[in-house]
Every structure is written in C-alpha cells, then in structure tokens.
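Comments concern the structure below.
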Amino acid sequence: MKADSRVAGRKSNMELLRIVSMMMIILHHYADHGGFVFENGEITFNRIFLQFVHLFGKIGICLFVLISGYFLVESAFTWKKVVKLILEVQFYCLLSFGFTVAIGTTEFTVRRAFMSLFPVSTSLYWFVTTYMVLYILSPYLNVMIRHLTKGQHFRLIGFLVLIWSLIPTFLQLDICYSQLGWFVLLYLSAAYVRLHAGEWWIVKFGKLRWFLLAFGLIFLTVLVLDYFEYAIPEFAVDMEYFGGQNKITTYLCALLGFMSFVNMQVRPSRLINTVAASTFGIYLIHDNPFISRELWTEWINTDALIDSRRLMPHVVLTAVVIFFVCSLFDLLRRRFLEKPAMEIVDKVFLLAEKKLGRHGNPG
C-alpha cells in the first residue's frame, strides 16, 4: 500500500487527538523548560496560567500512548516499523547534535556522540525507549488480550490501576511501578475501549464535557494547594500533585479525553491525517536534549516574560509556531529522506525473507 493511501485511510478523529496531544505536550514544555521561578507563596496570574498549561504534559503523554494502544491492538507487528522508528530517531538526534555542536551550544564528547548515534538504547528520550519496548511487546500483549474474557480484561485493568495509580495517589506508595508498566496499563485500557466500544459507560462518559470537567477538577486542586501555600508559608507540597503522570486524576482525565475522541464523528480529512503523521517528528525535534535546553531560555527567552502581560499570547503563539515549523520540516524529511530510505529497507527485508525461505525449503 502506498504511503498516501495509508495517510488517507487513517481515522481522522484519532489523528485529530494525536495533534491535540502534541500541542498539549509543547505547551507543557514551554512551562516546564521555560526557566520560570516564582517565590514561595507568590500568586500571580502568570503563575496560575503556567500551572494550567503545565498540567497538559502528562495528560498529553497518556493520550499519545492510548492512541497507540487503540491502533496496535488490531495491527500486525513488523520489524520494518521498528527499523523505521529507529532511523527517524537516529536522524533527528544526529542532526540536532551536529547542529548544536556547529553553533557552539553543545560541547562535542564521545559519550554525547555515542548517545546520538544510539538514542534508543541509551534512552536519550525516555519516552521513545519506553514506547519502543512497548511496541515490541505489543504482539504478545495482543495474544494475551485475545485470550482474556471481557471480565478478565476489565479486572486486570482495575488491579493495575489500583497498584499503579490509586495507591500511589493517596498513599504515596510505589508497588513495582515503572514507565513501561504504566504504558502497558494505558495499552490495555485503550485495547478495552477499542474492543468493547459499545459498553454503556464508554458511550455515556465518552463526551468532551466529561474530559473538560475532569481537567477542571485537577486545575481546581492546583488553586487550592496554591492557597494553602499562600496562607501557610511552611506548607510544602507539589502544587500539581494531582496532575502527576500516574495519578488517578490524570489517568481518568486522559481516559475520558480519549473516549470522547473515539466517539467523536470527524469526516475523513487528508490534511488532519497528514499533519498528524508528523507529530512524532515534532516531539523528536523540539524536545531533543541538545535543542530543548537552548530553545526555551536562550532562543525564545521565555523566562524574560515571567511578569509580562504578553505571556499568555506568547505561550500560545510559540506553541503554534513550533508545531508548524517542526511539522513542515518532518513532512520534507518523510518525502525526501524516509521514502527512499524505506524503499531500501523493504528490499533488504525482501531479500532476507527469500534467503530465509530458501534455507527453510532446501528441496
């Protein structure tokens, strides 16, 4: 099947969610990497706005993994996809490292060069490494899912939510928690929604208003904790505690957002599908370790706007520009580099399959 056909055949509601998720992650990075420092107990509009934007990040990550689980549970695993992902990550890492060394913002070291050459195995991006392992595990997870009854599938999710989300949220205890384990839970959750989309609670609560309500409640906890810090100076707690990645509030908010887009009717759109295909590349470009430390505080100079009235429009405009520029760059990469590279990979795999087939059939 041709690449254009794959783009056109995607579900535009889920691809739109992919775009929204990446915008949430970019907005989060503005607040997270922007170098903003507020005094203890200081409450300003800009601080509250940045806290609001900062909450997008973990929810956006969860949504991204949920989308992957939704598609992968019904997809066939291929090593060509693994090679494709590795080549994409490697390309952006080597390009970013070379560029920042050339302009003098990164010092060349053998260790950094090695990490750029092998970014997945060295966990240069924590998300990429975890996602890659999840993808390789996906066919085995799918076998397990197919052999589970609906009740067993639901109870498994419930158990994992209990030990990896509910207990950590309210008792602050980690029971064998890991990023990979969390991604597996999200995968299982998305698979359940995909396979049992007619369930009454998926239909009833898969509405955008429930997602917005859940997000509003998380933001409300931030405001309450802000007040406590203001009223009691010695009060020490993470203001965005309930927005943490594996907190039950974040999990439920992401799940509600995911279900709302699953139920959303969106007409097939080539534009949405084409843009969404670049979201992974957008992440790799703007959050590359060698790029991101310069991007926010030096090139964009975000922290200079800490007390400015222009902060809000600047946050939004910056996120849109980063999304657009990185998307355009990745579109060109896919058109002029990935396409011919994958044609070579296809030939290599075809040749390997013929040789293996010849070995398997000596007669």
Side-chain angles (χ1 to χ4, degrees), residues 6 9-18 20-22 58-79 81-82 85 127-166 176-208 210-211 214 245-248 250-266 273 276 279-280:
R6 287 198 301 271
R10 291 177 172 180
K11 295 190 175 187
S12 293
N13 56 330
M14 304 310 296
E15 298 307 316
L16 179 60
L17 179 59
R18 206 186 295 273
V20 171
S21 302
M22 186 48 58
K58 302 306 181 185
I59 296 171
I61 289 170
C62 290
L63 285 170
F64 226 82
V65 180
L66 286 166
I67 295 167
S68 298
Y70 179 85
F71 287 113
L72 290 177
V73 74
E74 296 283 7
S75 301
F77 171 86
T78 66
W79 283 106
K81 174 73 178 294
V82 174
L85 287 172
F127 177 86
V128 172
T129 301
T130 310
Y131 177 82
M132 191 72 73
V133 175
L134 178 71
Y135 179 69
I136 294 172
L137 287 176
S138 64
Y140 305 101
L141 291 173
N142 291 346
V143 170
M144 179 188 71
I145 290 168
R146 282 195 294 269
H147 284 81
L148 292 174
T149 65
K150 185 169 71 171
Q152 289 171 331
H153 191 167
F154 188 83
R155 287 192 293 273
L156 175 60
I157 292 171
F159 174 70
L160 296 180
V161 168
L162 174 67
I163 64 170
W164 288 341
S165 189
L166 270 170
C176 303
Y177 175 79
S178 68
Q179 295 286 5
L180 178 59
W182 184 249
F183 278 26
V184 169
L185 169 57
L186 294 171
Y187 188 102
L188 293 170
S189 302
Y192 188 93
V193 172
R194 177 74 186 265
L195 299 175
H196 309 291
E199 289 272 288
W200 70 269
W201 58 272
I202 296 175
V203 175
K204 181 178 177 60
F205 293 105
K207 300 286 191 295
L208 203 55
W210 292 109
F211 165 69
Q245 180 168 288
N246 69 319
K247 298 300 183 287
I248 187 63
T250 300
Y251 172 77
L252 291 176
C253 184
L255 187 62
L256 290 169
F258 171 70
M259 293 191 307
S260 70
F261 274 82
V262 168
N263 294 334
M264 189 180 292
Q265 298 299 315
V266 177
N273 298 349
T279 50
F280 189 60

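If you read the sequence from its start, that first residue is 1, and numbering goes on from there.
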When rounded to the nearest 0.5 angstrom, what is the spacing between CZ in Phe154 and OG in Ser189? 10.0 Å

Quick check for you: to the nearest 0.5 Å, what is the distance between Ile202 atom CD1 and Tyr192 atom OH? 6.0 Å

Identify which one of Arg194, Lys204, Lys150 satisfies the salt bridge (charged side-chain N to carboxylate O under 4.0 Å, His left out) criterion when paired with Glu199. Lys150

Are more than 12 heavy atoms from other residues, nucleotides or ligands located less than 6.0 Å from atom CZ of Phe159? no

Going by the angle between their ring planes, with limits at 30° and 60°, are His153 and His196 parallel, tilted or perpendicular? perpendicular

Between Tyr131 and Phe183, does the ring centroid distance fall short of 6.0 Å? no

CA sep, side-chain torsions, deciding dist, call: Leu72, Phe77, side chain to side chain contact (heavy atoms under 4.5 Å, CB included): CA-CA 8 Å; Leu72 290 177; Phe77 171 86; over 6 Å; no

Quick one: OG on Ser165 to CD on Gln245, what's the gap to the nearest 0.5 Å? 10.5 Å

Between Gly60 and Ser21, the two heavy atoms sitting closest are O-CB, 3.8 Å

Has Tyr177 got more than 12 heavy atoms of other residues, nucleotides or ligands less than 6.0 Å from its OH? yes

Please give me the minimum heavy-atom distance between Gly181 and Ser178, naming the atom from each residue. N-OG, 2.9 Å

Euclidean distance, Ile157 CD1 relative to Gln152 CD, rounded to 0.5 Å: 12.5 Å

Evaluate the criterion side chain to side chain contact (heavy atoms under 4.5 Å, CB included) for residue pair Leu85 and Val128; output intermediate values, then yes/no. CA-CA 9 Å; Leu85 287 172; Val128 172; over 6 Å; no

Show your reasoning for whether side chain to side chain contact (heavy atoms under 4.5 Å, CB included) applies to Leu156 and Met144. CA-CA 11 Å; Leu156 175 60; Met144 179 188 71; 3.9 Å; yes

Closest contact, heavy atoms only, Leu63 versus Ala254: CD2-O, 3.2 Å

Check the pair Met259 / Trp210 against side chain to side chain contact (heavy atoms under 4.5 Å, CB included), numbers first and verdict last. CA-CA 10 Å; Met259 293 191 307; Trp210 292 109; over 6 Å; no

When you measure from the side chain of Asn13 to the backbone of Asn263, do you find a donor-acceptor pair of N or O atoms at a distance under 3.5 Å? no

State, to 0.1 Å, how close Ala191 and Ile145 come at their nearest heavy-atom pair, and which atoms those are. CB-CD1, 3.7 Å

How close do Cys62 and Trp182 get, counting heavy atoms only, and between which atoms? SG-NE1, 3.6 Å

The side-chain contact (heavy atoms from CB on, under 4.5 Å) partner of Tyr251 among Leu166, Asn246, Val161, Leu256 is Val161

Rounded to the nearest 0.5 Å, what separates atom CD in Glu15 from atom CZ in Phe261? 12.0 Å

From Thr129 OG1 over to Leu134 CG, what is the distance, rounded to the nearest 0.5 angstrom? 12.5 Å

Tell me, do Val143 and Tyr140 make a side-chain contact under 4.5 Å, heavy atoms counted? no

Nearest heavy-atom pair of Ile59 and Thr250: which atoms, and what distance? CG1-CG2, 3.9 Å

Check: Phe280 ring centre within less than 6.0 Å of Phe64 ring centre: no

